[in-house]
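Structure first, then comments.
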There are 2 protein chains.
Amino acid sequence: MRPAPGRRRQILDTAARVFAAQGYDATTVRQIADAAGLLAGSLYYHFDSKESMLDEILSTFLTELWERYDTVLAAGLRPRESLAALVTASFREIDRHRAAVAIYQKESRHLTDQPRFGYLADAQRGFERAWLRTLESGVASGDFRTDLDVRLTYRFVRDTVWVAASWYRPGGQHSPEEIARQYLSMVLEGVALRDSHRTHDPHD
Amino acid sequence: MRPAPGRRRQILDTAARVFAAQGYDATTVRQIADAAGLLAGSLYYHFDSKESMLDEILSTFLTELWERYDTVLAAGLRPRESLAALVTASFREIDRHRAAVAIYQKESRHLTDQPRFGYLADAQRGFERAWLRTLESGVASGDFRTDLDVRLTYRFVRDTVWVAASWYRPGGQHSPEEIARQYLSMVLEGVALRDSHRTHDPHD
DNA sequence: TAACCTACCAAACACTTGTTAGGGAAGGAG
DNA sequence: CTCCTTCCCTAACAAGTGTTTGGTAGGTTA
């Protein structure tokens, strides 16, 4: 039989979808096997354990995400553009790894305790540093308001971006870029009407 | 032995905390019993099943939440004040029912399928109607911008409010009202600096 | 005193869980 | 053809799951 290396990836994708839909603990390996078209025991030819499937799903997602983030952060953009680039990159990753993002959101909190998933805590600290630095340099440069609690703002911005994974459906009426644009417009300019909105387009 | 009706409530609160921390499916009835100071089987003197504990936690939370929402919606406030009142009420409920909110967020999506938890879908439809009507009437009255997708805005606002339950800790440095104020300021006015922020406090 | 109720324990139940062991079918390589 | 690798199945395992049953300590009521 010829090797089909795509099979492993395919099983992992279906596992991610089931995990995202039902939750990791609520998902049985038999459900994954059913969805992937094989029997429960056969999963263990491809993977060590149920937990290592989860591990691989989350770690590959975070690795790819940080490649994008690092590119943005290394570009040396001005705070406003840096914020926009981070947000846009995030929505693109949600588009690409919707299931992984949903799993990350649901499970990461109680996984960070386990040593095996220590990289989750690392990633979270990295997020906080990247976002906080962007916001703080924006405050210093006069791009952002000075009267808002930066840490609160960070949490709001972070959460709103990532929970989008819970309702976003690829191929829907909004592209990731369009969602990012609307979101940035709301966060930067606010939803309240003011004069500038009556006369011209507020995008960037 | 004298009846202690507080015991049932106490066990339910303990269960809510464990559910919120570990997830419903990942929590065993023995863990709940340990945390509450009795044995697993003894839980079934107070409750029919593990599921009915979850049911009672979520339904009492939603009932109380909708009492507050209905009060706000019936007050006939102008859109901006109505939005502010809804947000503030939400943060107050997060303060009061942090565990229940966390559980609701994590589990509601895959519970809505079960007939027993049909009220979750009802509540969600109610949220959508309440928020959308507030936003739309604000657009119509000229309080809010007309160039934003109302449905997207609704999702952003809704999600950001409720995910706050994941990081909010009662007794911390921010009161629910303070968080609501900062959040409203961000959503309404945006984080970008503009002239009005240099001269006066933006909190209306 | 006796009957009764509340709140719990001890022990088991049937079932599901993740995981393993051994085997076998199908194709490629020699 | 024969060997070998890949991929999967069948069948079972031990541990853990939610739940039930019968019993009992101790306070309340009569």
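Below, read A as the first sequence line, B as the second, and so on, with proteins coming before strands; counting in each chain starts at 1.
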Inset, instruction - Determine whether the aromatic ring centres of A/Phe91 and A/Tyr183 lie less than 6.0 Å apart. - result: yes

Inset, instruction - List for me each residue that meets side chain to side chain contact (heavy atoms under 4.5 Å, CB included) alongside A/Ala165, sequence neighbours excluded, and say none if there are none. - result: A/Ile94, A/Val101

Inset, instruction - Under 4.0 Å from any atom of DNA chain D, heavy atoms only: list the residues of residues 30-40 of chain A that qualify, in numerical order. - result: A/Arg30, A/Leu38, A/Leu39

Inset, instruction - Specify the residues of residues 21-28 of chain B, ordered by number, for which at least one heavy atom lies under 4.0 angstrom from an atom of DNA chain D. - result: B/Thr27, B/Thr28

Hey, does the side chain of [X] come within less than 4.0 Å of [N]'s phosphate (OP1/OP2), counting only N and O?
X	N	result
B/His46	C/dC8	yes
B/Ser42	C/dC9	yes
A/Arg7	D/dT6	no

Given [options], identify the nucleotide with an atom nearest to the side chain of [X].
X	options	result
A/Tyr45	C/dT19, D/dT6, D/dG18	D/dT6
A/Lys50	D/dT19, C/dG18, D/dC8	C/dG18
A/Tyr44	C/dT20, C/dC8, D/dC8	C/dT20

Just how far, in rounded Å, is [atom2] of [N] from [atom1] of [X]?
X	N	atom1	atom2	result
B/Arg8	C/dT6	CZ	P	14 Å
B/Leu43	D/dT17	CG	P	14 Å
B/Ile11	C/dT6	CD1	C1'	13 Å
B/Phe47	C/dC8	CZ	C1'	14 Å

Legend entry - Flag for B/Ser185-A/Arg145: side-chain donor and acceptor within less than 3.5 Å: yes

Inset, instruction - List in chain and number order the residues that pass salt bridge (Lys or Arg N to Asp or Glu O under 4.0 Å) with A/Asp95, two or more places apart in sequence or in another chain; answer none if no residue qualifies. - result: none

By ring-ring contact (aromatic ring centres under 6.0 Å, His included), which residues pair with [X], not counting sequence neighbours?
X	result
B/Phe144	none
A/His174	none
B/Trp162	none
B/Tyr24	B/Phe19

Legend entry - Axis-to-axis angle between the two ends of the helix from C/dC4-D/dG27 to C/dG30-D/dC1 (five base pairs per end, rounded to 10 degrees): 10°

What donor-acceptor contacts under 3.5 angstrom involve side-chain atoms of residues 31-42 of chain B, with partners at least two apart or in another chain?
| from | atom 1 | to | atom 2 | distance (Å) |
| --- | --- | --- | --- | --- |
| B/Gln31 | OE1 | B/Thr28 | N | 3.0 |
| B/Gln31 | NE2 | B/Gln22 | OE1 | 3.4 |

Less than 3.5 Å apart, which donor and acceptor atoms pair up between the side chains of residues 122-133 of chain B and the rest of the protein, not counting sequence neighbours?
| from | atom 1 | to | atom 2 | distance (Å) |
| --- | --- | --- | --- | --- |
| B/Asp122 | OD1 | B/Arg125 | NH2 | 2.7 |
| B/Glu128 | OE2 | B/Arg151 | NH2 | 2.4 |

Inset, instruction - If a pair satisfies salt bridge (Lys or Arg N to Asp or Glu O under 4.0 Å) and one of its residues is in residues 51-64 of chain A, list it, with sequence neighbours excluded. - result: A/Arg8-A/Glu56, A/Glu51-A/Arg116, A/Asp55-A/Arg116, A/Glu64-A/Arg68, A/Glu64-A/Arg96

